[in-house]
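These notes concern the structure reproduced below.
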Number of protein chains: 2
Amino acid sequence: MSTPGRGLHGRVLDTLGPAITAGEYPPGSVLRTDELAQHFEVSRSVMREAVRVLESMHLVESRRRVGVTVRPKAEWNVYDPQVIRWRLAGADRPHQLRSLTVLRSAVEPVAAGLAARNATADQCAELTECALGMVANSRGHRLDKYLVHDMAFHRVILTASGNEMFARLGDVVAEVLAGRTHHEVMFEDPDPAAVTLHVRVAEAVRARDAARAEELTREITTGALQELDILAP
Amino acid sequence: MSTPGRGLHGRVLDTLGPAITAGEYPPGSVLRTDELAQHFEVSRSVMREAVRVLESMHLVESRRRVGVTVRPKAEWNVYDPQVIRWRLAGADRPHQLRSLTVLRSAVEPVAAGLAARNATADQCAELTECALGMVANSRGHRLDKYLVHDMAFHRVILTASGNEMFARLGDVVAEVLAGRTHHEVMFEDPDPAAVTLHVRVAEAVRARDAARAEELTREITTGALQELDILAP
DNA sequence: CAGAGCCAAAAAGTCAGACTTATATGTCAC
DNA sequence: GTGACATATAAGTCTGACTTTTTGGCTCTG
């Protein structure tokens, strides 16, 4: 998923990015390129490249005679996959997870509706395959295998919608689902009702029933939201 | 909105970014840092910074011994405001506009529902103010003033939802609305029905009626979609 | 004492050149 | 043909000198 160590500047970002998104340097903090370069033991050129990347994510702003200032959270490019990963790895993971789940609840139903209209035969087949895979691994503590099919299912839906903006959320959704399985409380087998819903969505898409696909997906995402409310009311 | 000329590397990006997103360099094309530096008449350090930014947007990939290769469109960070702006300014503007409008149709209704739950008194007031501003400028070719209130209205909804991911779409929606007014066919006064819907959304939010706010907003975004279908069926 | 204007320091920005490192590709022996 | 090896190439890194912008204080004046 991630691309660790793609150059020295990447190594710097791997620790500076998480530090900033975790609020270690509060908004308004001023950093100096030279000091950072010394601290990370890299040349100024490398440090400057790293700062440029942070700047393009709107995490910081670089101004002459003042330095590199951390921007308020509200201005960050929260859709940048890198930023999302950093935040999911940090302290406000729960908050981030909730935000993303709400986003899912808005996007996925509409995407499913579009998928019912636009999915190719191959995509329909892949969808049912994923759903069957979920069913097959829904009992007996096979959470890992279940997860693989679950992620694939949602990715296919988003891709099959035919909307590039939706498609690009595949990674995000996958990360949310993985996070739920690995870090949150999910020891037991998945909810059978949820599994059934996935199967029915696949059927609806195959049957080109957009309204039903949308409604069923809405039930899935609503379930995901409720799950969060139960964990952290 | 944009930040023109924030350094030499920014100047380079202003022409190289649009060129890439416009497909001027098709996916797989190989660029060389040195050649680019010469072409733009900047030093290699500056060019490298520009490349790093493009890389963080997943527009290109830089590899040793190979060069800077343009990535396939499907991998671009299409949520990056900068990328969105570049694409809106380029050839696939219609396509981008459609994608964004579909995204709006998914997000805004849910955001409105949440706004009805979470909006502060101030935000409710601001919302009605915007709606009234729209009404006041809905007749007599006052499209510019109407647009200002329209953009503000949707921005307030997205912000008041309390979801940071939704809030960050304020700029995008504003740009879509502005685009529709300035570049697409919209000589006449706005549809009176749409104006009324905005007023009713404001009322619903004030009345804390989430379901109604969501449904009314869905009608607004559906209208926006139909508008596109009429223009380019 | 207030305000305008000026000066100097500070930090980012830019450049040029030398050197290092990874790696794609071609070559040669087997 | 296959594997090991050599080579060329382009990115990556570092350093040091120089430029530019901007801020904050200082002075001069009314």
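Heavy atoms only: backbone and side chains are in, while hydrogens, waters and symmetry mates are out. Naming: A, B, ... by sequence-line order, numbering from 1 per chain.
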Step by step, work out the side-chain hydrogen bond (donor to acceptor under 3.5 Å, both in side chains) result for B/Thr221 and B/Glu108.
CA-CA 8 Å; B/Thr221 55; B/Glu108 290 205 65; over 6 Å; no

In whole Å, I'd like the distance from the CD atom of A/Glu55 to the C1' atom of C/dA12.
11 Å

Touch class at under 4.0 angstrom, heavy-atom based, for B/Ser62 against every strand present
sugar-phosphate

When you compare the protein's N or O atoms with those of nucleotides 5-10 of chain D, which come within less than 3.5 Å of each other, and at what distance?
| unit_1 | atom_1 | unit_2 | atom_2 | d |
| --- | --- | --- | --- | --- |
| D/dA8 | N3 | B/Arg65 | NH1 | 3.0 |

Calculate the interatomic distance between B/Arg48 atom CZ and C/dA16 atom C1'; express it in whole Å.
15 Å

Does B/Ala202 have any side chain to side chain contact (heavy atoms under 4.5 Å, CB included) partners at least two apart in sequence or in another chain, and if so, which?
B/Leu127, B/Thr128, B/Ala131, B/Phe153

Do any side-chain nitrogens or oxygens of A/Arg44 fall under 4.0 Å of OP1 or OP2 in C/dT14?
no

For the aromatic rings, using the six-membered ring if either is Trp, is the centroid distance between B/His149 and B/His154 under 6.0 Å?
no

The side chain to side chain donor-acceptor pair (under 3.5 Å) partners of A/Ser56 (sequence neighbours excluded) come to B/Ser56

Let me know the distance between CG of A/Leu13 and P of D/dG12, rounded to the nearest Å.
13 Å

Rounded to whole Å, how long is the line connecting atom CZ of A/Arg52 with atom P of C/dA12?
11 Å

To the nearest Å, give me how far apart CZ (B/Arg6) and P (D/dT22) are.
15 Å

State whether a side-chain donor-acceptor pair under 3.5 Å links A/Ser99 with B/Glu164.
yes

Taking side-chain contact (heavy atoms from CB on, under 4.5 Å) as the criterion, tell me which of A/Val30, A/Leu59, A/Leu36, A/Val51 meets it with A/Val68.
A/Val51

How close or far is atom P of D/dT15 from atom CE of A/Met47, stated in whole angstroms?
15 Å

Nearest whole angstrom, please: distance from the C1' of C/dA22 to the CD of B/Glu61.
15 Å

Atom-pair distance (CD on B/Glu49; P on D/dT13), nearest Å
13 Å

